[in-house]
Amino acid sequence: MLKQTKYIFVVGGVISGVGKGITSSSLGLILKNRGLKVTSIKIDPYINVDAGTMNPVEHGEVFVLKDGDETDQDMGNYERFLNLNLTRINYMTTGRVYKSVIEKERNLEYKGKCVQVVPHIPFEVIERIKKAGSIADADIVMIEIGGTVGEYENILFLEAARMMKLESPKNVAFIMVSYLPTPQKVGEMKTKPTQHAVRTLNGSGIQPDILIARADVSLDKKRKEKISLFCNIPIDNVISAPDVDSIYDIPLNFEKEKLSYKICDILNIKAKKPDLNAWKKWKTFAKHSHNGKEIVKIAMIGKYFETGDFVLSDSYLSVIEAIKYSSYIQNRKPIMTWLNSTDFEKNPAKLKELKKYDGIIIPGGFGSRGVEGNLSAVKYARENKIPYFGLCYGMQMIVIEYARNILGLKDANTKEVNPSSKNIVIDVMESQKEILKNNSYGGSMRLGEYKAILRDGTIAKGAYKIKEILERHRHRYEVNPAFVADLEAKGLVFSGRSPDGHLMEIAELPKSEHPFFLGTQFHPEFLARPLSPHPLFTGFIKACINKKK
Ligand code: GLN
């Protein structure tokens with residue numbers, strides 16, 4: 001433990017999506033492996049108070065923290081790389097900051113002062129950053145400022161960072177992650193956009209200590225010299241970050257560049273030598289991410305991944321990572337194919353194509369579009385004994401399909417899709433009724449960590465090997481208790497329930513009926529970590545491998 005908390009700001013230049021999140025996570029990991037206690041903060045400059053009200057196609061996955069905060073997908077990267085559990089103090093948006101400044105003003109906490117955008121907004125930002133550090137008892141706080149320098153939106157956050165540096169120059173460092181394009185026709189890597197980005201950052205009173213240069217390939221000496229000279233950065237602190245096949249190589253590449261030593265120098269930190277044991281584990285994992293001799297083919301059925309002519313799998317980032325970890329550990333390379341559920345509605349013959357896959361996943365979702373397609377895919381998976389894993393909405397689909405086709409309740413549905421159905425097998429939760437009536441949608445679902453009790457002799461219990469589990473949730477609807485007895489009488493097993501027995505957390509078919517047919521009301525993907533894959537995903541992948549055999 002250091003006596004003094006150190007703050008490392010990570011900002012982006014030239015393009016968005018340059019990899020600040022992965023850079024912050026990787027930097028955090030190399031410092032953690034030198035015995036430092038690290039925590040992370042993500043700053044998103046939009047007005048939304050949290051990410052929960054945004055369409056995943058706009059913004060990517062909504063990552064849910066254990067305390068129920070609905071955040072940016074980068075928070076998932078931090079938790080996975082650093083094996084941490086973060087809370088709402090680690091996440092900040094413009095909306096969140098303004099909201100609390102306005103609330104404080106209403107409570108007379110500014111004691112009659114004129115409350116102004118500057119300095120009160122940056123002051124609030126600084127207070128939150130320091131609080132996150134002290135709650136985590138951190139040596140290092142990594143702070144990623146979303147967006148790109150030069151954008152109007154993140155100026156007040158840069159202003160906060162500048163003030164922190166002024167207050168304590170030895171304890172604050174700046175890293176810029178920038179992009180160096182190589183235009184095809186020119187054939188030469190260009191440094192000018194990065195030079196401009198650094199100048200723009202200088203305009204906010206900030207000089208980067210380290211520049212991480214993202215590009216197709218490593219920088220040559222000439223490019224490094226140019227950046228060093230024109231951006232005012234010692235040449236040793238211009239670090240190449242070429243494209244890689246696996247993001248999990250990045251911490252290893254950074255360590256090869258001695259990045260942790262450079263940061264410790266800048267911040268005057270006396271850290272331990274890198275923990276070789278920890279690195280060995282990470283290296284083995286990273287190696288697996290390239291190895292997988294055999295493949296396992298997973299169909300992902302959903303709707304949040306089409307944007308124009310592109311497929312954006314970001315909406316399900318944690319699901320993808322969870323599949324990878326559980327595949328790597330079984331020495332398999334997962335190949336994931338994105339199938340649009342509405343295609344099964346337009347062309348039911350397409351269902352037959354599902355035979356090509358070793359397993360099927362239906363992840364979380366909202367609203368009625370594509371639901372009938374989902375239900376036909378679940379029926380196909382059940383009847384053809386293809387391993388099926390349903391996450392949240394995907395679990396509710398199991399219950400609806402079973403009610404329709406096994407219990408014979410032809411109009412069975414979720415209230416979310418058809419409120420006038422006679423057989424509402426998935427009903428709105430009691431606690432949600434008032435919320436929906438008042439249209440108070442923001443941050444009001446059943447969110448975050450809740451306990452569930454597992455039933456002996458089930459697939460779920462066999463996977464977890466423990467009786468009580470804690471998993472993260474994000475939903476408004478639940479299995480209607482009125483139908484539970486009928487569903488169980490016909491063979492569906494509710495193998496996980498809330499401690500009071502009221503809420504169905506896991507539904508499955510016994511192994512004698514189906515190799516793997518299981519759904520969870522919670523989102524197990526949020527707890528999958530590189531070095532500790534999630535037991536249910538591991539069980540699912542195992543079933544997929546067996547089907548292949
Ligand atoms: N729409 C469903 C509900 O609100 C499922 C939510 C989800 O998949 N996260 O209950």
Side-chain angles (χ1 to χ4, degrees), residues 50-57 59-66 68-71 73 76 300-305 314-320 322 341 360-375 377-378 388-401 403 412-419 421 424-437 439-450 452 471-481 483 494 496-498 502-507 518-528 536:
D50 58 44
T53 49
M54 271 179 280
N55 184 327
V57 177
H59 178 263
E61 173 182 81
V62 177
F63 188 83
V64 181
L65 304 183
K66 76 177 196 176
D69 201 18
E70 297 174 283
T71 70
Q73 62 188 31
M300 302 274 283
I301 303 179
K303 62 178 173 184
Y304 297 121
F305 41 73
D314 264 15
S315 320
Y316 302 112
L317 187 64
S318 296
V319 181
I320 297 173
S341 48
I360 297 169
I361 289 187
I362 296 187
F366 294 86
S368 51
R369 187 165 62 88
V371 160
E372 289 302 321
N374 279 339
L375 289 167
V378 173
Y388 170 79
F389 194 10
L391 312 172
C392 205
Y393 221 13
M395 177 264 204
Q396 298 176 355
M397 295 297 132
I398 286 186
V399 174
I400 300 168
E401 190 275 324
N413 217 326
T414 161
K415 195 162 198 169
E416 187 174 354
V417 172
N418 181 9
S421 155
I424 299 284
V425 291
I426 304 292
D427 203 356
V428 63
M429 298 182 74
E430 199 48 49
S431 55
Q432 289 290 323
K433 287 184 178 155
E434 204 54 29
I435 293 171
L436 290 179
K437 213 161 75 195
N439 291 344
S440 41
Y441 293 110
S444 63
M445 284 187 237
R446 177 171 181 257
L447 289 167
E449 199 172 79
Y450 286 93
E471 291 279 1
R472 297 185 192 172
H473 298 70
R474 182 170 188 251
H475 62 118
R476 293 191 201 277
Y477 298 82
E478 62 174 340
V479 178
N480 184 345
F483 289 88
F494 290 105
R497 297 177 187 222
S498 58
H502 179 90
L503 193 123
M504 301 304 121
E505 291 276 19
I506 307 177
L518 184 147
T520 58
Q521 184 57 79
F522 50 84
H523 289 272
E525 66 268 27
F526 294 141
L527 290 187
L536 288 180

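For the single chain, residues carry numbers from 1 onward in sequence order. Model, not experiment: these values are computed from the prediction. What you see below is based on every heavy atom in this structure, not just the backbone, and it leaves out hydrogens, waters and symmetry mates. Note that ligands are numbered from 1 as they come in the structure, with each ligand's atoms numbered from 1 the same way.
- A donor-acceptor pair shorter than 3.5 Å cannot be found between the side chains of Thr520 and Glu471.
- No donor-acceptor pair under 3.5 Å is formed between the side chain of Tyr477 and the backbone N or O of Tyr393.
- A donor atom on one side chain and an acceptor atom on the other are not found under 3.5 Å apart for Arg369 and Ser341.
- Panel note: side chain His523, backbone Glu525; no donor-acceptor pair is recorded below 3.5 Å.
- Under the 4.0 Å criterion applied to side-chain N and carboxylate O atoms, Glu505 and Arg446 are assigned as salt-bridge partners.
- Looking at His475, Glu70, Arg472 one by one, the single match for side chain to side chain contact (heavy atoms under 4.5 Å, CB included) with Leu447 turns out to be Glu70.
- Residue-level contacts of ligand 1 at the 4.0 Å heavy-atom threshold are Gly364, Gly365, Phe366, Cys392, Tyr393, Gln396, Glu416, Arg474, His475, Arg476, Tyr477, His523.
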